[in-house]
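Order of appearance sets the numbers: ligands from 1, and atoms from 1 within every ligand. Just so you know, residue 1 is the first one in the sequence shown, and it goes up from there.
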Amino acid sequence: VTRPAHASERSLAPRADFPTLRECVYADTASFGIVPEPVRRCVAEFAELRGPGTALFDEAVERSLCDQARASVARLIGAEERDVALMNSATEAIGQLAWSCMPGPEANVVSIDHEFPSVTYPWLQVARRTGAEVRLANAAADPASFSIDRLAELVDERTAAICLSHVHYYTGVRLDLAELAGLAHAVGALLVIDATQSAGAVPIDVAESEIDALVSSAYKWLCGIGGAAFCFMREEVWRRLDPPFAGWRSTQETALIDATQIRLADAARRMEYQTPAHIPLRGLAASAGYVLELGVDRIYTHNTGLAARFIEGVLELGGTVVSPREEPLDSSIVTVAFPTRSEAELIHALGRRRVVFAARREGLRFSWHMFNEVGDVERVLGIMRGVLERA
Ligand SMILES: Cc1ncc(COP(=O)(O)O)c(C=O)c1O
């Protein structure tokens with residue numbers, strides 16, 4: 001995948017698919033993606049079909065919905081459909097993985113201290129029960145200094161799992177998945193990746209990078225709606241891990257409805273224990289299809305081109321960039337900081353001019369996606385310049 005020399009004049013996705021863009025500059029996909037019109041229509045039509053119950057929405061329709069969602073996800077991350085489970089949230093998926101893995105009192109789990117909480121909490125909660133140790137690499141004080149070497153210092157032969165985000169929700173740091181897999185597998189640990197901030201924006205190939213488990217929610221870079229997510233597990237992993245929950249959907253033949261014994265499905269979907277959230281799932285299938293049609297490689301090139309131009313502009317204005325600037329550590333998320341005195345004014349001015357972004361911790365987080373164009377970036381920089389010149 002190549003990085004462009006210049007940020008693209010035009011958006012990659014048709015702007016007409018995102019009517020909100022007539023009213024605002026949207027730079028907040030890291031919080032919530034905006035749903036493309038074709039996806040929104042697809043979800044609305046599906047809701048109509050779902051309304052009259054089994055008269056229209058029978059088991060075959062439901063099965064085909066799940067199959068479509070699994071097929072889209074599998075294409076997106078280079079997996080087999082059989083190795084994909086459909087979930088309601090990324091948090092649920094990591095929770096299930098942590099409880100399945102259930103590291104014991106002698107074991108440890110490695111992550112980072114400023115991860116998104118859903119990456120560490122499930123392990124901290126399991127550790128309360130089992131006495132396992134959760135080791136968090138120190139990165140909060142100086143996010144730019146973080147490297148995989150820092151993580152490696154915490155890993156030993158008692159490490160049961162390494163659990164991290166592919167792209168960090170705040171700094172935008174993107175980690176090298178193959179390198180992480182090498183680190184985990186050298187000690188026989190499981191590598192669990194949260195791709196909620198990358199799936200749909202950064203190319204992922206789970207087979208090539210030898211990841212054990214990878215989860216993502218649907219409502220950020222995939223531009224779906226909340227309530228759907230997926231969990232990929234390598235075959236050896238779903239066979240080995242015992243799901244913490246079981247229900248009528250966990251079984252090989254759900255139609256059998258046999259309450260006397262559990263025959264877990266011979267696939268990752270053994271983790272699916274309940275009726276799925278049909279409407280968000282339709283959104284996931286459609287939005288993954290939308291992203292695949294544009295091409296994740298092209299989206300990555302487009303987005304990082306915009307991010308690079310934004311970084312250049314912020315540095316010219318005297319701002320600092322919390323996110324690293326060079327490949328392979330970059331992504332579409334850029335968090336910037338300005339002298340505190342100007343920051344409140346910047347937040348106010350950007351909000352008044354309808355720029356949607358996230359004020360997080362001490363920084364302003366901007367996330368650029370397929371529907372953005374260089375004009376959006378210049379508009380934000382222009383508003384910032386106006387405020388800073390007055391300050
Ligand atoms: C890295 C990461 N994981 C998980 C989540 C939350 O996902 P969900 O709401 O599906 O549990 C977020 C939301 O910001 C996130 O940034």
Side-chain angles (χ1 to χ4, degrees), residues 26-35 69 73 76-77 84-99 109 111-125 136-137 139-140 143 146 151 161-175 177 180 191-202 204 211 213-232 245 271-272 274 276-277 279-281 283-285 287-288 303 322-323 329 331-335 356-361 363-369:
Y26 197 83
D28 200 20
T29 300
S31 298
F32 279 99
I34 43 178
V35 182
V73 167
L76 184 79
I77 59 171
V84 174
L86 302 170
M87 303 267 115
N88 289 349
S89 73
T91 304
E92 182 198 13
I94 300 180
Q96 290 226 49
L97 287 164
W99 286 100
V109 174
S111 190
I112 310 178
D113 63 356
H114 74 336
E115 259 296 356
F116 189 76
S118 288
V119 175
T120 55
Y121 285 5
W123 302 99
L124 289 166
Q125 183 65 3
L136 301 178
F146 178 76
L151 207 67
I162 299 178
C163 186
L164 296 167
S165 291
H166 182 197
V167 168
H168 191 271
Y169 78 99
Y170 175 68
T171 64
V173 168
R174 175 168 64 83
L175 297 177
L177 296 180
L180 286 173
L191 177 64
V192 177
I193 294 294
D194 183 341
T196 299
Q197 294 291 2
S198 63
V202 179
I204 295 173
I211 291 162
L214 180 135
V215 314
S216 173
S217 215
Y219 65 87
K220 296 188 192 270
W221 301 89
L222 286 167
C223 293
I225 50 181
F230 65 84
C231 177
F232 156 83
F245 303 128
M271 281 229 190
E272 298 171 13
Q274 59 189 343
I279 291 173
L281 196 57
L284 168 60
S287 64
N303 293 2
V322 177
S323 327
L329 289 176
S331 68
S332 327
I333 299 175
V334 184
T335 298
V356 185
F357 67 104
R360 289 265 181 287
R361 299 190 188 184
L364 313 184
R365 183 185 69 184
F366 294 82
S367 35
W368 306 104
H369 204 7

Task: Minimum heavy-atom distance between V119 and C163, given as atom pair plus value - done: CG1-O, 3.6 Å
TODO: Name the closest protein heavy atom to atom 9 (O) of ligand 1, giving the residue it belongs to and the distance to 0.1 Å.
DONE: Y219 OH, 2.8 Å
Task: Nearest-contact summary for atom 10 (O) of ligand 1 - protein heavy atom, Å - done: S217 OG, 2.5 Å
Open item on the list: Looking only at the side chains, is there a donor atom on one of E115 and S165 sitting less than 3.5 Å from an acceptor on the other?
Closed with: yes
Task: S165 to ligand 1, any heavy atom closer than 4.0 Å - done: yes
Open item on the list: Can you name the atoms of ligand 1, numbered from 1 with element, that are less than 4.0 Å from a heavy atom of Q197?
Closed with: 16 (O)
Task: Minimal non-hydrogen separation, V167 against G172, with atom names - done: CG1-O, 3.9 Å
Open item on the list: Show the nearest heavy-atom pair for residues I225 and Y219, with the distance to one decimal.
Closed with: C-CB, 3.7 Å
Task: From OG1 (T171) to CD (Q197), nearest 0.5 Å - done: 10.0 Å
Task: Top protein contact for atom 2 (C) of ligand 1, by heavy-atom distance - done: D194 OD2, 3.4 Å
Task: Y169 neighbourhood, listing ligand 1 atoms whose heavy-atom distance to it stays under 4.0 Å - done: 16 (O)
Open item on the list: Check this for me - ligand 1, A90, N or O atoms closer than 3.5 angstrom, yes or no?
Closed with: yes
Task: Residue-ligand contact K220/ligand 1, heavy atom below 4.0 Å - done: yes
- [ ] Just jot down the ligand 1 atoms closer than 4.0 angstrom to any heavy atom of S89, in number order.
- [x] 8 (P), 10 (O), 11 (O)
- [ ] Measure the acute angle between the ring planes of F366 and F357, then classify it against the limits of 30° and 60° as parallel, tilted or perpendicular.
- [x] parallel
Open item on the list: Considering non-hydrogen atoms of the protein only, which is the closest contact for atom 5 (C) of ligand 1, and what is the distance?
Closed with: F116 CE2, 3.3 Å
Open item on the list: Ignoring hydrogens, what is the shortest heavy-atom contact between A277 and G227? Give both atom names and the distance.
Closed with: CB-O, 3.7 Å
Task: From I94, V119, T91, L164 - option closest to atom 11 (O) of ligand 1 by heavy atom - done: T91
Task: Between H166 and S198: side-chain donor-acceptor atoms closer than 3.5 Å - done: yes
